[in-house]
Amino acid sequence: MKIPISIPAETFKVRLIDIAVFLIILGILSFLIYIASEWGTPYDRTLEINLNPSNIPQYALQSVARIFSAYLLSLVFSIWYGYTASRTKIHEKIMIPLLDILQSIPVLSFLPGVVLAMIALFPGKRIGLELACILLIFTGQVWNMTFSFYHSISTIPKEMREVVKVFKFNKFSKFLRLDLPFSAIGLIWNSMMSVAGGWFFLMACEMFVLEDRDFRLPGLGSYIQIAANSGNIEYVIYGLGMMILLIIIIDLFIWRPLIVWCQKFRIETVPPEEERESLIFNIFSGSVFIKKVVDTLNNALNKIEKFSYREFILSGNPVMNKISKALGLILLMVISIIIIWAILKASSIVSSVSLDNILTIIKSAFYSLLRVSVALLIALAWTLPVGVYIGLNPRAAKMLQGIVQIAASVPATAIFPVILLLLIKLGGSLDIGAVFLMLLGTQWYLLFNIIAGASAIPKDLIEISRVYGIKGIRKWKTLILPGIFPYLVTGLITASGGAWNATIVSEYVSFGGKIMHAAGLGALISLSSASGNFGLLLLSTCFMSLIVVGINRLVWKRLFILAKTKYLLE
Amino acid sequence: MAKEVILELKNVKKSFLIGKGRDITVLDNINLNIFSDDFVSILGQSGAGKSTLLRIMAGIIEPTEGEVLYKGIPLKKANARIAVVFQSFALFPWFNVLENVRVGLVGQGLNDEEINEKAIRAIDLVGLDGFEDAYPRELSGGMRQRVGIARALAVEPELLLMDEPFSALDVLTADNLRGDIIDLWREGKMPAKAIVLVTHNIEEAVSMSSRAVVLSHNPGRVKAQIPLELPYPRDKNSRDFKFLLDKIYTILIKPPEEIPMMLAAGRYQFLPHAKVGAIAGLIELVHDQGGRVDIYALSSELSMELDDIFPLIEASVILDFGEIKEGDFILTEKGGKWAQADTLEKKEIFKEAALQNVQLIKQIVQVLSTISKHRVSEEFFIDILKNHFTPEEAWNQLETAIDWGRYAELFAYDYDAGELYLEENETIDM
């Protein structure tokens with residue numbers, strides 16, 4: 001909605017930054033062409049990953065393309081799903097619990113279905129496997145974004161929604177002007193988390209065994225895995241270095257500028273305590289070229305918006321209404337048929353599972369539950385004192401937060417090989433080692449939330465406890481723990497979900513040419529997926545889903561409600 | 001002169017479902033005409049359904065029964081010629097002033113120049129010229145509401161609906177904005193042909209509008225329509241102005257005889273949302289002023305609005321601490337005693353008054369005394385209250401009863417468990 005009225009005649013001065021922008025665009029174009037040429041080739045069953053470090057950039061580019069394709073897919077899906085779920089009560093009642101269940105299903109459980117379907121769709125073509133890989137990364141990225149979008153648009157204030165009715169916005173306008181801006185901030189933060197999660201599962205998705213067949217795609221994940229398998233630590237470190245470099249570049253050039261930009265979508269009308277800054281954003285917003293592009297985009301959106309108000313497009317046109325209704329009905333029928341078919345198929349598959357297997361599942365579930373609990377306890381034991389210390393001391397926070405953030409941005413899977421190597425040297429088993437692997441991925445959620453909670457404790461409460469000489473254990477009991485409780489619960493919920501998801505990669509590891517696995521539900525899922533035992537896979541997945549959703553409902557949700565009512569500091 | 005009818009409400013009723021086929025009526029039997037050149041204020045206490053009525057007039061929500069006619073044609077959905085100004089401003093934080101005002105114009109099939117022209121005209125009208133590029137977060141509350149008004153006026157509505165537009169503003173800012181709106185209206189610069197203003201501020205209604213519609217509450221019905229024909233600018237100190245204020249106050253507060261009648265008619269007693277501390281403050285103040293005060297004078301002295309002071313007065317009446325006569329609030333003998341008592345005596349007197357006069361408290365004490373463990377979940381009472389009130393109101397009712405009951409030491413409340421209980425040795429013989 002930019003209006004070209006009072007813009008002064010701008011001297012069209014091309015600056016250095018415009019040349020940079022131009023080069024970047026050129027780079028992106030050639031990147032896309034390269035990816036297209038790679039993915040268009042037939043699938044090479046005997047593909048060898050060349051460990052020569054000069055190949056790393058090429059592999060890295062392909063992995064980036066996969067992660068971002070999966071991310072774009074997640075974005076579109078999140079918006080569609082969240083929007084549809086919020087439209088009617090019935091949608092909401094079905095789609096939100098379904099999302100809860102989907103979220104609890106580990107990536108590997110989707111693997112056989114997705115891979116077999118894609119290979120069947122594109123026989124002998126590499127694009128089939130690429131799509132499968134992208135879809136797998138997608139299943140690890142999409143759910144938190146969907147929840148975020150749904151939550152944002154269902155918390156739009158009532159009066160804002162009434163404005164839309166009174167001033168007769170059509171659906172497109174409402175979406176563009178209200179829903180999307182309103183959810184932008186949450187969506188961007190969750191996008192960051194999701195893409196980071198993409199790195200986490202890259203290794204599992206680029207190279208895997210299914211029904212005793214090896215599948216691999218050239219990429220950074222497979223490079224690191226091959227390097228680790230051949231015991232070549234030097235190459236592992238090169239690969240990891242590349243991954244960390246990419247993470248930093250993406251953070252600097254994409255997320256930070258985006259976060260600064262999306263500050264305009266804040267709801268509160270009071271200015272924030274501290275303005276967010278991004279050097280890159282400042283540099284790029286000085287580019288005349290980018291300004292032109294943004295203006296053109298704005299104008300195009302305005303044109304599209306106006307066009308959408310024409311009678312025949314959206315509202316009031318009976319033909320369009322009928323068409324959209326019919327399409328919805330067909331979609332519903334197709335989905336129902338697929339679900340019924342899947343249930344029939346699933347029940348026939350599951351009936352082949354023996355009683356022995358079921359006992360194994362129950363036993364494994366118990367071990368995994370134990371491991372997740374221990375991992376959470378260990379994480380809590382060190383993040384609680386450290387987080388509170390950092391949160392309560394602004395000076396320490398300034399120094400340590402930077403270090404902590406860098407440490408946290410390194411994907412846990414990237415350090416797996418190093419840890420595993422240590423583990424093997426020390427002669428430990430994966431039964432205990434898996435706990436540490438889980439810890440790597442989940443402790444940061446806790447730490448960040450605790451820091452945030454501790455720094456949000458009101459100053460006057462801290463002063464009061466000083467005045468009354470409240471110290472030591474009493475201080476923890478009366479001030480700190482109640483003060484950080486809501487944050488602690490949020491951190492625990494995320495950490496627990498992450499730990500369950502990490503059982504898949506931490507309880508079953510192939511390293512140095514041999515496979516190590518612990519007794520656990522995650523290992524069982526990985527194992528049954530690799531050996532093509534779909535009945536076992538399905539049943540253990542259902543079990544895991546049941547446990548995760550059950551714990552969410554019984555433990556976390558209750559704590560969360562308590563945190564939101566009793567321990568809310570306003 | 002025959003006036004044109006812009007909006008006509010015929011036997012409008014609105015009920016909300018509160019589960020299990022039960023519903024609660026918020027508005028009942030509303031018959032109301034809005035004419036051209038009409039500036040109507042809708043007055044009522046909180047819970048009288050004022051805002052619901054406004055939303056029905058705007059076409060945002062549909063009435064359960066009856067119909068709304070816009071110029072003789074049934075109003076089905078929001079109409080482009082009816083604009084609304086919201087209490088919370090409801091601006092888009094990511095749009096600047098001009099973009100916010102353009103919002104209602106985009107869908108009208110105009111070209112860009114026409115849209116901008118209309119938007120800028122509306123912005124000038126409310127005195128915001130020069131702020132077109134400012135974002136809402138850069139503006140003060142008063143200026144934000146001006147944007148809200150400009151947005152509504154930009155579409156050149158026939159009917160302008162305002163939902164407590166000044167209640168989120170401080171006193172001076174609100175006064176200033178009211179003055180500006182009256183000026184626009186008087187000088188004929190207001191694009192709207194008629195205005196409906198929902199408010200709980202009686203002075204606001206009398207100083208601005210040409211007619212006051214007073215709603216009763218629970219359910220909201222039209223209690224009275226009072227023409228306000230004083231010439232502008234209206235002098236708040238004139239006798240006529242004060243006479244009208246008193247008149248509306250008297251109509252708004254239901255006469256005390258109604259309360260026992262309501263009980264007799266099987267209706268559950270409505271507890272005004274008043275804290276004991278605030279009631280005590282009011283009673284002591286009135287006692288200091290000789291036991292009788294003019295309600296309007298009292299409210300302006302305390303600079304409290306209708307919604308703040310009415311619950312206190314109503315609570316005093318329910319507890320038999322005071323009564324209302326001709327717009328005055330008079331302490332009863334018991335009220336006078338309560339004002340003078342020390343802390344312990346106060347509790348004793350209040351306990352007696354609550355047990356005698358408050359249905360819900362009586363019921364709670366009865367239930368707690370009969371149950372052997374003297375402990376009952378709050379949900380139990382909420383379920384009872386839900387038969388008579390909306391779920392939200394049910395919680396308000398219980399909250400008030402808990403506040404009163406705790407003060408009187410009739411029963412205690414365990415927040416963590418969500419339970420009401422009798423403290424030991426407190427079983428009361430009823």
Side-chain angles (χ1 to χ4, degrees), chain A residues 1-7 156-174 176-185 261-272 298-299 301-311 313-316 561-562 565-567, chain B residues 51 54-55 57-61 77-96 98-113 115-117 119-120 132-133 135-141 144 148 151-152 154-155 157 161 163 415-416 418:
Chain A
M1 271 214 181
K2 270 274 166 292
I3 297 98
I5 36 169
S6 60
I7 294 170
I156 293 175
K158 186 173 142 247
E159 293 206 333
M160 292 297 281
R161 268 184 265 176
E162 288 175 350
V163 167
V164 165
K165 278 191 192 162
V166 166
F167 293 104
K168 301 194 75 75
F169 283 38
N170 62 15
K171 281 176 198 155
F172 179 73
S173 271
K174 175 175 177 285
L176 185 70
R177 305 303 185 195
L178 184 66
D179 295 338
L180 213 50
F182 206 89
S183 53
I185 293 183
W261 172 77
C262 79
Q263 292 308 303
K264 70 187 250 187
F265 300 121
R266 278 191 330 244
I267 325 296
E268 326 85 80
T269 34
V270 281
N298 260 329
N299 277 335
L301 271 183
N302 286 340
K303 288 241 168 67
I304 295 171
E305 185 184 17
K306 274 225 204 99
F307 186 68
S308 72
Y309 276 98
R310 303 265 178 93
E311 284 281 301
I313 304 291
L314 281 175
S315 53
I561 289 169
L562 191 64
T565 51
K566 189 173 173 189
Y567 292 105
Chain B
S51 291
L54 180 117
R55 279 161 176 74
M57 292 171 139
I60 299 175
I61 51 181
K77 272 184 191 166
N79 184 307
R81 308 310 306 274
I82 302 176
V84 181
V85 173
F86 292 90
Q87 181 177 7
S88 68
F89 322 140
L91 302 176
F92 294 82
W94 38 86
F95 285 170
N96 64 27
L98 183 58
E99 289 164 345
N100 262 300
V101 175
R102 283 167 49 107
V103 146
L105 298 165
V106 172
Q108 296 198 343
L110 305 166
N111 64 31
D112 253 358
E113 283 87 71
I115 292 179
N116 281 337
E117 198 191 358
I120 287 172
E132 287 86 353
D133 292 333
Y135 284 88
R137 67 174 64 96
E138 301 171 63
L139 303 176
S140 67
R144 278 184 216 155
R151 175 175 63 188
V155 299
L161 304 172
D163 184 16
Y415 179 92
D416 290 328

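Each chain gets a letter, A, B and so on, in the order its sequence line appears, and its residues count up from 1. Heavy-atom basis, side chains included; hydrogens, waters and symmetry copies ignored.
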Revision key, fill the gap. The interface call for B/V84 against chain A, heavy-atom contacts under 4.5 Å, is both
Review point. What residues, two or more places apart in sequence or in another chain, satisfy salt bridge (Lys or Arg N to Asp or Glu O under 4.0 Å) together with A/E162?
Key: A/K158, B/R55
Review point. Could you state the interatomic distance from CD1 (B/I82) to CZ (A/F167), rounded to the nearest 0.5 Å?
Key: 12.0 Å
Point to revise | side-chain contact (heavy atoms from CB on, under 4.5 Å) partners for B/S88, two or more places apart | key: A/E159, B/A90
Check your understanding: Which value, rounded to the nearest 0.5 Å, describes the distance between B/R137 atom CZ and B/R144 atom CZ?
Key -> 9.5 Å
**Study point:** Distance in Å, A/D179 CG paired with A/M160 CE, rounded so as to fall on 0.5 Å steps
**Key:** 10.5 Å
Exercise for review: Please look at A/F169 and chain B and tell me whether the side chain, the backbone, both or neither of the residue comes under 4.5 angstrom of a heavy atom of that chain.
Suggested key: side chain
Practice item. Heavy-atom distances under 4.5 Å only: say whether B/I61 touches chain A with side chain, backbone, both or neither. Key: neither
Check your understanding: Is it the side chain or the backbone of A/K168 that comes within 4.5 Å of chain B heavy atoms, both, or neither?
Key -> side chain
**Study point:** chain A contact via B/D163 - side chain, backbone, both or neither, heavy atoms under 4.5 Å
**Key:** side chain
Point to revise | Under 3.5 Å donor-acceptor, A/R161 side chain and A/I156 backbone | key: yes
Review point. Can any side-chain N or O of B/W94 pair as donor or acceptor with the backbone N or O of A/C262 at less than 3.5 Å?
Key: no
Study note, to complete from the structure: Cut-off 4.5 Å, heavy atoms of chain A, and the answer for B/L110 is backbone
Practice item. Using non-hydrogen atoms and a 4.5 Å limit, figure out which bit of B/Q87 sits close to chain A: side chain, backbone, both or neither. Key: both
Exercise for review: Tell me, for B/L91 versus chain A, whether the close heavy atoms (under 4.5 Å) come from the side chain, the backbone, both or neither.
Suggested key: backbone
Exercise for review: Go through the atoms of A/P181 and report whether side chain, backbone, both or neither lie under 4.5 Å from a heavy atom of chain B.
Suggested key: both
